[in-house]
Amino acid sequence: MNFSDTLLRWYRSNKRDLPWRDSKDPYKIWISEIILQQTRVDQGIPYYFNLIRQFPNIQVLSEASEQSILNVWKGLGYYSRARNIHYTAKYVVQQLNGKFPCTYKSLMDLKGIGPYTAAAIASICYNESVPAIDGNVSRVISRYYGIEDAVSTSVFKRKIQLISEQLISQNAPGDYNQAVMEYGAVICKPLAPKCEICPFYDSCFAFQNNKITILPKKKKQIKKKMRFFNYFHLVLPNNMIVIKKRLKEDIWKNLWELPLVECDKLLDYNELKTISFLNGLHQETVVLKGRKDFIHQLSHQTLNIRIFTINLSNSDFFSEKEYTFVNQDDNSYPFPRIIENFLKTY
DNA sequence: AACACGGGGAC
DNA sequence: GTCCCAGTGTT
């Protein structure tokens with residue numbers, strides 16, 4: 001039996017029971033694939049249930065507010081995905097009469113859908129024979145066929161694409177695509193792959209050449225940017241706090257946070273008094289209650305975060321600006337994890 | 001081609 | 001600490 005048939009057989013008797021499996025509803029597959037972009041299955045599953053419950057179909061999603069979608073998405077990261085499914089839902093409902101595109105080519109026109117997701121939806125929902133190539137597929141193929149180019153190069157991508165086009169099942173492209181991914185996630189893992197139970201070990205290039213640990217050749221480590229966020233946790237007499245929406249093209253776009261002074265280092269209270277809005281406030285309206293520091297690691301940034309808790313007896317300064325007042329426990333505003341956790345434990 | 005974009009799980 | 005995840009959009 002050849003590679004694809006062995007893989008398909010393995011898949012059909014070993015596949016995990018995931019919530020979107022056995023569905024061919026393009027809406028559900030679409031949502032699941034967006035969630036799974038750069039996201040582990042285990043992490044995505046609860047979000048899938050929440051999204052489908054709150055937005056059971058594309059019509060409902062298209063009529064929802066972006067904030068309500070972000071509020072379900074909060075904590076999952078890569079928030080452009082949430083903004084894009086909202087944009088695309090509106091586009092499909094309003095411009096395409098609610099009919100979801102059903103070919104690889106037309107799926108590629110949708111915002112948030114790239115080559116991988118278009119192929120996944122086209123193959124799973126519409127039986128189109130196009131390979132869905134993700135990190136799992138790249139790893140499995142590069143190891144088995146000995147593709148030694150760096151994963152980031154176009155040469156690598158072209159080779160994986162070509163091999164995958166040869167391998168994909170014409171009868172069951174959706175199952176084939178999911179089989180390779182599942183195999184990469186469960187057996188041919190990045191670290192400590194289970195070569196001892198792998199049926200392909202005798203013909204696997206990497207295993208035979210002792211290159212399992214170096215294939216696929218990884219991209220070089222990116223250097224993280226260091227950033228310093230000085231936050232103000234401003235508590236009013238009625239126990240409301242001051243928050244603000246992040247609107248810039250930056251991390252956490254369209255999520256909410258506390259009033260922020262970002263600069264090249266963490267500051268102490270006296271330094272902040274001279275450069276921030278604190279300068280314009282009367283001494284007696286502001287009482288410093290506490291200070292907490294955090295280090296929040298993102299993939300591309302290290303966030304040094306300092307949060308000052310301050311009792312504020314007069315909110316006039318904030319009422320005329322782009323600030324909002326909410327209860328501490330109001331959960332209708334999507335906060336980044338670090339802010340959400342801080343407010344929850346405060 | 002390189003970079004920005006989150007958060008968390010596994011080691 | 002490091003790695004990297006069912007990738008996409010932008011420059």
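Residue numbers begin at 1 in each chain, while the letters A, B, ... track the order of the sequences.
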Who pairs with A/Arg306 by salt bridge (Lys or Arg N to Asp or Glu O under 4.0 Å), at least two apart in sequence or on another chain? A/Asp293
Could you work out the separation of B/dG6 and C/dT10 based on their P atoms and round it to a whole Å? 14 Å
What is the distance, to the nearest angstrom, from the CG atom on A/Leu255 to the P atom on B/dG6? 8 Å
Is any side-chain heavy atom of A/Phe207 closer than 4.5 Å to one of A/Arg143? no
Between B/dG6 and A/Trp73, is there an OP1 or OP2 to side-chain N/O distance shorter than 4.0 Å? no
What is the distance, to the nearest angstrom, from the CD atom on A/Glu249 to the P atom on B/dA4? 14 Å
Distance below 4.0 Å between A/Tyr79 side-chain N/O and B/dG7 OP1 or OP2: yes
Give the ring-plane orientation class for A/Tyr87 versus A/Tyr91, where under 30° counts as parallel, over 60° as perpendicular and anything between as tilted. parallel
Starting at NZ of A/Lys248 and ending at P of B/dA4, how long is that distance when rounded to a whole Å? 16 Å
Taking atom P of C/dG1 as reference, at what distance in whole Å does atom NZ of A/Lys224 sit? 9 Å
Rounding to a whole Å, what distance do you find between A/Ile34:CD1 and B/dG6:C1'? 16 Å
Whole-Å distance between B/dG8 P and A/Ile35 CD1? 15 Å
Would you kindly give the CG-to-P distance between A/Asp42 and B/dA10, to the nearest whole Å? 7 Å
Residue closer to the 5' end of DNA chain B, A/Thr153 versus A/Asn341 (nearest nucleotide): A/Thr153
With A/Arg81 via salt bridge (Lys or Arg N to Asp or Glu O under 4.0 Å) - residues at least two apart: none
What distance, rounded to whole Å, do you find between the two P atoms, one in C/dA6 and one in B/dC3? 24 Å
Which part of the nucleic acid, if any, lies within contact of A/Asp250, taking any heavy atom under 4.0 Å across all strands shown: a base, the sugar-phosphate backbone alone, or nothing? sugar-phosphate
Would you kindly give the CG-to-P distance between A/Asn254 and B/dG6, to the nearest whole Å? 11 Å
Can a donor-acceptor pair be found between the side chains of A/Gln37 and A/Thr117 at a distance below 3.5 Å? yes
Can you find a side-chain donor-acceptor pair between A/Gln67 and A/Trp256 that sits under 3.5 Å? yes
Give one of base, sugar-phosphate or nothing for A/Gly44, where a contact means two heavy atoms less than 4.0 Å apart. nothing
Strictly under 4.0 angstrom, non-hydrogen atoms only: write out the protein contact profile of nucleotides 2-11 of chain C, one letter per nucleotide from the 5' end, B, S or -. -SBBBBSS--
A/Glu182: which of A/Lys15, A/Arg12, A/Arg21 passes salt bridge (Lys or Arg N to Asp or Glu O under 4.0 Å): A/Arg21
Closest-nucleotide mapping onto DNA chain B: is A/Ser154 or A/Leu298 further toward the 5' terminus? I mean the 5' end. A/Ser154
